[in-house]
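Accompanying notes for the structure given below.
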Amino acid sequence: MPRLPKGFRDIGASEIREQQAMLAKIRGVYERYGFEPLETPAIEYTDALGKFLPDQDRPNEGVFSFQDEDEQWLSLRYDLTAPLARFVAENFDKLPKPFRRYATGSVFRNEKPGPGRFRQFTQFDADTVGAESIAADAEMCMLAADTLEALGIARGDYVIKVNNRKVLDGTMEEAGLVGPDSSKRRLMVLRALDKLDKFSEQDVLLLLTVGRKDTSGDFTPGASLNEDAAERILSVVTQTRQYFVPSGDTDGAKQLNKAIEENATYNAGFEELTQIQAMVRAAGYDADRIRIDPSVVRGLEYYTGPVFEAELTFEVKNEEGQTVRFGSVGGGGRYDDLVARFTGQKVPATGFSIGVSRLQAALASLGKKSADTLGPVVVLVMDKGEVAAYQKMTQTLRSAGIRAEMYLGSAGMKAQMKYADKRGSPLVVIQGSDERANKQVTLKDLIEGAKAAAAIKDNKEWKEARPAQVTISETDLVSKVREILARHEA
RNA sequence: GCCGCCUUAGCUCAGUUGGUUAGAGCGCUAGAUUGUGGAUCUAGAGGUCCCCUGUUCAAGCCAGGGAGGCGGUACCA
């Protein structure tokens with residue numbers, strides 16, 4: 001039995017067309033922001049991609065990897081950022097700094113597929129490399145907002161959430177999580193905080209301390225903080241959120257203080273968030289579009305400063321009538337250490353990435369799906385001895401810019417009609433011996449015909465009525481076909 | 001990875017306490033209709049009952065193991 005590897009999928013005509021349209025819109029926005037296109041290969045040396053090293057026991061963990069003939073480990077890219085870091089490191093001297101590029105393509109992850117999550121999917125990234133300025137980060141947020149709106153997502157149906165890793169780091173320092181001994185617990189704290197939009201504060205407190213048992217009976221170990229430290233962390237996060245985006249009246253909010261006054265790391269992150277907020281607000285992006293939210297975590301190790309997450313806020317019902325939240329459809333942030341891995345030289349960089357496939361699924365359920373495009377005009381083969389004449393008509397239509405094909409199978413007329421129907425053809429061209437004798441062709445409008453047919457119950461009448469068809473002179477072929485097509489192009 | 005549910009025709013699903021030749025609807029193919037996609041009627045094709053092992057005179061049905069799917073959770077560069 002032929003079958004698809006799990007986590008992969010075939011994509012049909014209408015979805016491809018839709019995706020191409022999306023990519024074009026995204027590209028338009030990225031270009032408008034001044035990014036240049038760059039394409040890098042889908043395969044890199046494994047060590048160029050980062051921390052998934054082939055000298056471990058299982059080089060295939062997370063990434064698809066294999067060895068070439070001289071035993072070097074190669075991997076399929078799992079994102080577009082790591083290859084960018086390689087490219088920048090390799091071409092550093094030639095590139096304009098800051099270097100701004102966009103890239104799109106398939107990325108691959110060797111992990112368990114889930115709902116809306118596949119092992120191959122499309123991302124679309126924009127990155128600025130070599131810019132320390134926080135303005136580069138603010139720009140990414142605005143780019144993200146503009147892109148989602150260009151794709152037809154209404155203001156209010158999405159939000160770009162912004163945080164700063166330094167704020168979280170400072171918060172954890174305050175709670176006593178310092179030094180290499182605590183690095184494991186710091187990761188657990190970050191994971192726990194990331195759940196704030198999903199679980200209650202009570203549950204997050206459990207995750208910070210003793211651990212939590214979920215409804216399926218699975219137990220998630222906690223970060224084993226003591227109560228005080230856990231509550232401190234949580235309250236810093238919620239207070240910081242209050243400071244930037246106050247719920248309720250804005251006047252009262254102005255009274256709020258930032259949560260920690262004395263921690264240098266926290267203050268640095270806080271200051272950057274303040275600047276980002278000031279810049280995007282000055283450019284006219286309000287909290288309904290770009291919002292500071294200190295519970296955003298994103299990837300665990302990699303980010304060093306601001307992080308962004310593009311989230312869809314609307315809910316949608318699936319086939320079973322359950323409400324589904326799509327959540328994150330993109331994200332990014334500042335990764336100042338990525339290029340340094342190759343050159344040793346610290347190169348500041350910031351970027352944003354859209355999960356195209358996921359976003360497309362979300363748009364589809366939002367009802368934004370474009371109508372199926374019409375199939376080609378089909379020229380029927382009534383008389384196998386006259387194939388050349390049919391082929392010529394087909395070419396005439398093609399030369400006029402009309403999508404057309406001659407029926408290439410071997411079946412009779414009835415089956416050819418069914419074929420045209422299944423292809424979604426708007427009309428067929430018929431020339432039997434009668435028409436040919438008079439230098440005429442018959443055009444049948446399949447869309448009108450289907451409507452007319454609905455009213456006819458009797459087969460004899462159906463046969464004789466021959467609805468929605470017209471016999472014309474051969475010389476009018478192109479103009480009459482255009483006329484019919486024009487009726488169906490809305 | 002962990003927990004739960006599921007797997008019978010192309011699709012959606014029936015299938016009795018374990019019993020002889022496994023069904024329906026839709027779809028598909030053909031005919032009724034020398035040259036007309038719909039509707040109607042008729043006929044036909046289509047099955048490793050997810051796989052393996054076991055229990056039994058007998059397994060789609062029971063037991064164990066595995067695979068795949070769905071949902072949750074974990075992970076997510």
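Numbered from 1 within each chain, the chains take letters A, B, ... in sequence-line order.
For Met382(A), taking side-chain heavy atoms from C-beta onward, the closest of the listed nucleotides A74(B), C28(B), G35(B) is G35(B). Listed nucleotides C76(B), G35(B), A74(B) differ in distance to Lys198(A); the shortest reach to its side chain belongs to A74(B). For Thr220(A), the side-chain atoms get nearest to U73(B) when compared with the rest of U73(B), C75(B), U36(B).
Below the 3.5 angstrom threshold, one finds a donor paired with an acceptor across the side chain of Glu435(A) and the base of G35(B). Scanning atom types as modelled, no donor and acceptor separated by under 3.5 angstrom connect the side chain of Gln416(A) and the base of U36(B).
Contacts of Phe108(A) with the nucleic acid, taken as non-hydrogen atoms under 4.0 Å apart, are absent. Using a 4.0 Å heavy-atom criterion, one finds that Ser433(A) contacts the bases of the nucleic acid, with or without backbone contacts as well. Counting any heavy atom pair closer than 4.0 Å across all strands shown, Lys451(A) reaches no nucleic acid atom. No engagement by Gly412(A) is indicated, since no non-hydrogen atom pair under 4.0 Å with the nucleic acid exists.
When rounded to the nearest whole Å, the span between CD1 of Ile430(A) and P of G37(B) equals 10 Å.
The closest donor-acceptor contact from the side chain of Arg241(A) to the backbone of Pro294(A) lies at 3.5 Å or more, if one exists at all.
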Quiz item: Quick one: what's the B/S/- string for nucleotides 38-45 of chain B, heavy-atom cutoff under 4.0 Å, read 5' to 3'?
Solution: BB------

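Looking at residues two or more places apart in sequence or on another chain, you find a ring-ring contact (aromatic ring centres under 6.0 Å, His included) between Tyr419(A) and Tyr407(A).
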